[in-house]
Amino acid sequence: MRRISQLGTFDVENFGDLLYPIVLGQLVTTPVDPYSFLPGDAPLGAGFQTQSITNLMASPEPSTLVIGGGDLLRTDADLIAKHYGRNSRTSAKSLRKSIGFRGYAGYVLRDKLSRLEPSDFYARNFRARWMNYSAVGPFIIDPRDLPQGSVVAYVSCGVPHEFSTAEADDVKRALDAACRIWVRDEASAEKLRRTGVSQTVHVAPDMCVMLSHRISPEGLAGRGERTLSRFGINVRRPLLCFQSQPYPGFSEDEIVAQLNRYREKHRGDVVLLPLGYCHGDHEFLRRVSRKSNGALKYVDACSVVDMLSIIGAADLFAGTSLHGNITAFSFGIPHLFGPLPVAKAEGFLQVTNLPAELKLGSWRELNDRIDLALELGPQYFAAKAKEAKAAVKREVDQLRADLLKCTGA
C-alpha cells in the first residue's frame, strides 16, 4: 500500500492533537506523513514534522488521505483559524509564520489602533493563506477534489456541532465518497447520519486508547517521577495530576479549595499540568498555583513525552482535556472529566462503558467523585481499557483492509 498522508491539527500546542500521528504510526506498518496547515517541526517536541495541506492539495499525484483524529468534522473555519492566533508562547513568531509579515503588521496595528477584534482580521488572513483549497470544511474533503485515484478515510474523528440544512448536502456528498468513516462516539455518528450520509459510519473509541500499546507503563512512570522530583514534588505520596482550561464560571478559588481538600484528606500532592497551551491552560493553572501560595505545584512540561510521563506517574488524573483522561485510561489510571460542557467527554464514557458519573457537573463535586474513581481502582480502568483497545484494533485492521481495497493495492 502507498504511503498514508494523515491530516489533522498537528501544528497546534495541544497535547491531544499531537498524539495522533504518533499513535497511528504505531498501529499501521505503512509509512505515515503528517499534514496540517503550518509546515515545520510539530510543537512541544512531538518528534515529527508536518507538511502543509496546501502542498498535498496541489500535488498531481494521487494520495491516500487519512483525516483524523480529533474534532475535525466541522465547517466553522473561522473559529479553527482563530485558535492559531494564540498557538504559541512566543506569539509574535507564531503569528508571523501563520499569516506572514504583512499580515502580522496589520494584526498589530488593529490591536493597537482599532476597535475591531484583531482575531477576526487574523482569521481572514489565516484562511486566505492556508485554507484556500476546495473543501466542504477544512477537514471534510471530497476525494474528487484530489487527483484521480486518491482515496479519503476519516479516522477517530469527532463531530462537535450539528450541520446546518444548507451544509447537509455537501457534507453528505463528501462523506459518501469516503473509503471509510470511523467516529469516536455515537453522538458524532448521529450528527452525520442526520445529514443523510448513506455510507456506513463506524463507531469505536478514540485511537489514543492505544497509547500504552508500545509504551511501558513502568518506564513512563519512572520518567515522570524523575521529572516531578526536579520540581520538588514528593513522588512517594499519593499524587493527583490536575489540568483545566479557563472557562466562564470556572472559579479559581473553588478549584484551590477542592484540591487543598484532596491534599489534606489523602496526604498527597497535586501537580498542575497544562496540556492545551492553545486553550490557555498555562495561564489559568499559573493563577491557580499563585492563589494556593505554591501549595499546588505548577509544572510547565516542555514536551509531549514529559506530559505523558507525568500523567503516567500519577495515581489519579482530573481535567477538562479529553486526551489527558484518555491517556490515564490507557494506562489504567483512575480519572475524572472536568465540567466542560462538551459532548465528547460523555461520548467517550459511553463508548468505553465507563460510568457517566466520572464526568463532573461542577468542580464542587471533585472530592466526592475522587472517592468514586479511587474506589473503582486501577484494575477496573485497566479492564475497561483492554476492551476499548480490542475494539480499536478491530477498527484499524478493517481500515487497512478498506484502504488496500480502495487503492487497488
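Owing to the predicted nature of the structure, the values given are computational and were not obtained by experimental measurement.
- Residues Asp71 and Leu322 have side chains not in contact (no heavy-atom distance under 4.5 Å, counting atoms from C-beta outward).
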Hey, mind stepping through Asp206 and His323 against side chain to side chain donor-acceptor pair (under 3.5 Å) and telling me if it holds? CA-CA 9 Å; Asp206 189 292; His323 287 91; 3.2 Å; yes
Give the C-alpha distance, both sets of side-chain angles, the deciding distance and a yes or no for side chain to side chain donor-acceptor pair (under 3.5 Å) between Gln350 and Asp185. CA-CA 8 Å; Gln350 183 183 46; Asp185 54 62; over 6 Å; no
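- A salt bridge links Arg364 with Glu254; the closest basic N to acidic carboxylate O contact falls under 4.0 Å.
- With hydrogens and angles ignored, the 3.5 Å screen pairs a side-chain donor or acceptor of Ser330 with a backbone N or O of Val209.
- The two residues Pro21 and Gln6 come nearest to each other via the heavy atoms CA-OE1, 3.2 Å.
- If you take CG on Leu146 and CG on Leu56, they are separated by 6.5 Å, rounding to the nearest 0.5 Å.
- Side-chain contact check for Val235 versus Ser229: some heavy-atom pair is nearer than 4.5 Å.
- Proximity of Lys344 to Arg184: side-chain heavy atoms (C-beta onward) are separated by under 4.5 Å at one or more points.
- Note: Phe48 and Phe10 have perpendicular aromatic rings, judged against thresholds of 30 and 60 degrees for the angle between ring planes.
- With contacts defined as side-chain heavy-atom distances shorter than 4.5 Å, the pair Thr200/Ile181 does not qualify.
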Should Asp41 and Gln49 be marked as a side chain to side chain donor-acceptor pair (under 3.5 Å) after you check the CA-CA gap, both sets of side-chain angles, and the distance that decides it? CA-CA 4 Å; Asp41 292 332; Gln49 286 196 323; 2.9 Å; yes
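- Side chain of Arg369 to backbone of Lys359: a donor-acceptor contact under 3.5 angstrom is found.
- Look at Arg223 and Asp306 and you find a salt bridge, because one of the NZ, NE, NH1 or NH2 atoms lies within 4.0 Å of a carboxylate O, short of that distance.
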Residues Met307, Ile310; criterion side-chain contact (heavy atoms from CB on, under 4.5 Å); working and verdict: CA-CA 5 Å; Met307 294 170 176; Ile310 289 169; over 6 Å; no
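- At distances below 3.5 Å, at least one donor-acceptor pair connects side-chain atoms of Gln258 with backbone N or O atoms of Asn367.
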Which is it for Arg173 and Asp170 under the salt bridge (Lys or Arg N to Asp or Glu O under 4.0 Å) test, yes or no, and what are the steps along the way? CA-CA 5 Å; Arg173 190 176 301 111; Asp170 288 338; 2.8 Å; yes
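- Judged by distance alone, the side chain of Trp182 and the main-chain N or O of Ala204 form a donor-acceptor pair under 3.5 Å.
- The heavy-atom pair separating Gly280 from Pro246 by the smallest distance is O-CD, 3.5 Å.
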side-chain contact (heavy atoms from CB on, under 4.5 Å) between Val351 and Glu186, worked out: CA-CA 7 Å; Val351 77; Glu186 191 60 40; over 6 Å; no
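- A distance-only check finds a donor-acceptor pair linking the side chain of Thr50 to the backbone of Leu38 [under 3.5 Å].
- Between the side chains of Gln243 and Asp281, a donor-acceptor pair is found at a separation under 3.5 Å.
- The environment of Lys265 atom NZ is dense: over 12 non-hydrogen atoms of other residues, nucleotides or ligands sit within 6.0 angstrom.
- The two residues Gly158 and Pro160 make their nearest non-hydrogen contact at O-CD, 3.6 Å.
- Shown are Arg74, Arg194, Lys191, Arg193; of these, the salt bridge (Lys or Arg N to Asp or Glu O under 4.0 Å) with Glu162 is made only by Arg194.
- Atoms OG1 and CZ, from Thr320 and Phe284 in turn, are 8.5 Å apart once rounded to the nearest 0.5 Å.
- Tested against Val159 for a side-chain contact (heavy atoms from CB on, under 4.5 Å), the candidates Val171, Leu192, Thr195 yield a single pass: Leu192.
- With hydrogens and angles disregarded, no donor-acceptor distance shorter than 3.5 Å links the side chain of Lys393 to the backbone of Met210.
- Taking 4.5 Å as the limit, every side-chain heavy atom of Met207 sits out of range of all side-chain heavy atoms of Val396.
- Taking 4.0 Å as the cut-off between side-chain N and carboxylate O, Asp402 and Lys405 do not count as a salt-bridged pair.
- A distance of 6.0 Å or more separates the ring centres of Tyr35 and Phe139.
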Test side-chain contact (heavy atoms from CB on, under 4.5 Å) on Leu316 and His266 and set out the steps. CA-CA 12 Å; Leu316 179 70; His266 297 274; over 6 Å; no
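- A donor-acceptor distance shorter than 3.5 angstrom exists from the side chain of Arg237 to the backbone of Arg267, with no hydrogens or angles considered.
- Contact between Ser63 and Ser5 at its shortest, heavy atoms only, is CB-OG, 4.5 Å.
- Atom CG in Leu211 sits 6.0 Å away from atom CG in Leu308 (nearest 0.5 Å).
- With contacts defined as side-chain heavy-atom distances shorter than 4.5 Å, the pair Asp300/Arg286 qualifies.
- Nearest heavy-atom pair, Pro138 versus Ala77, reported as atom, atom and distance to 0.1 Å: CG-CB, 3.8 Å.
- Between Glu395 and Arg180 a salt bridge is recorded (basic side-chain N to carboxylate O distance below 4.0 Å).
- The environment of Lys297 atom NZ is dense: over 12 non-hydrogen atoms of other residues, nucleotides or ligands sit within 6.0 angstrom.
- Using modelled atom types, one finds a donor on one side chain and an acceptor on the other under 3.5 Å when comparing Glu167 with Thr75.
- The closest side-chain donor-acceptor pair between Glu387 and Thr352, if any, does not fall under 3.5 angstrom.
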When you look at Leu220 and Ser309, which way does the side-chain contact (heavy atoms from CB on, under 4.5 Å) test go after all the steps? CA-CA 5 Å; Leu220 190 71; Ser309 66; 4.0 Å; yes
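- Looking at Asn325, its side chain does come within 3.5 Å of a backbone N or O of Gly319 through a donor-acceptor pair.
- With values rounded to the nearest 0.5 angstrom, Phe317 atom CZ is found 14.5 Å from Phe329 atom CZ.
- To the nearest 0.5 Å, atoms CD1 (Ile4) and OG1 (Thr30) are separated by 5.0 Å.
- Scanning all heavy atoms of the two residues, the minimum distance from Pro355 to Leu376 falls at CG-CD1, 4.2 Å.
- Side-chain contact between Leu285 and Phe242: present, with at least one pair of heavy atoms (C-beta onward) separated by less than 4.5 Å.
- Residue Thr407 holds its OG1 atom at 5.5 Å from CZ of Arg2, rounded to the nearest 0.5 Å.
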Could you walk me through whether Glu218 and Ser216 pass the side chain to side chain donor-acceptor pair (under 3.5 Å) check? CA-CA 5 Å; Glu218 295 77 19; Ser216 158; 3.2 Å; yes
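- For Phe37 and Phe126, the gap between ring centers is short of 6.0 Å.
- Checking side-chain atoms of Gln199 against main-chain N and O of Ala178 turns up a donor-acceptor pair under 3.5 Å.
- Looking at heavy atoms from C-beta onward, Val342 lies out of side-chain contact with Phe337 at the 4.5 angstrom threshold.
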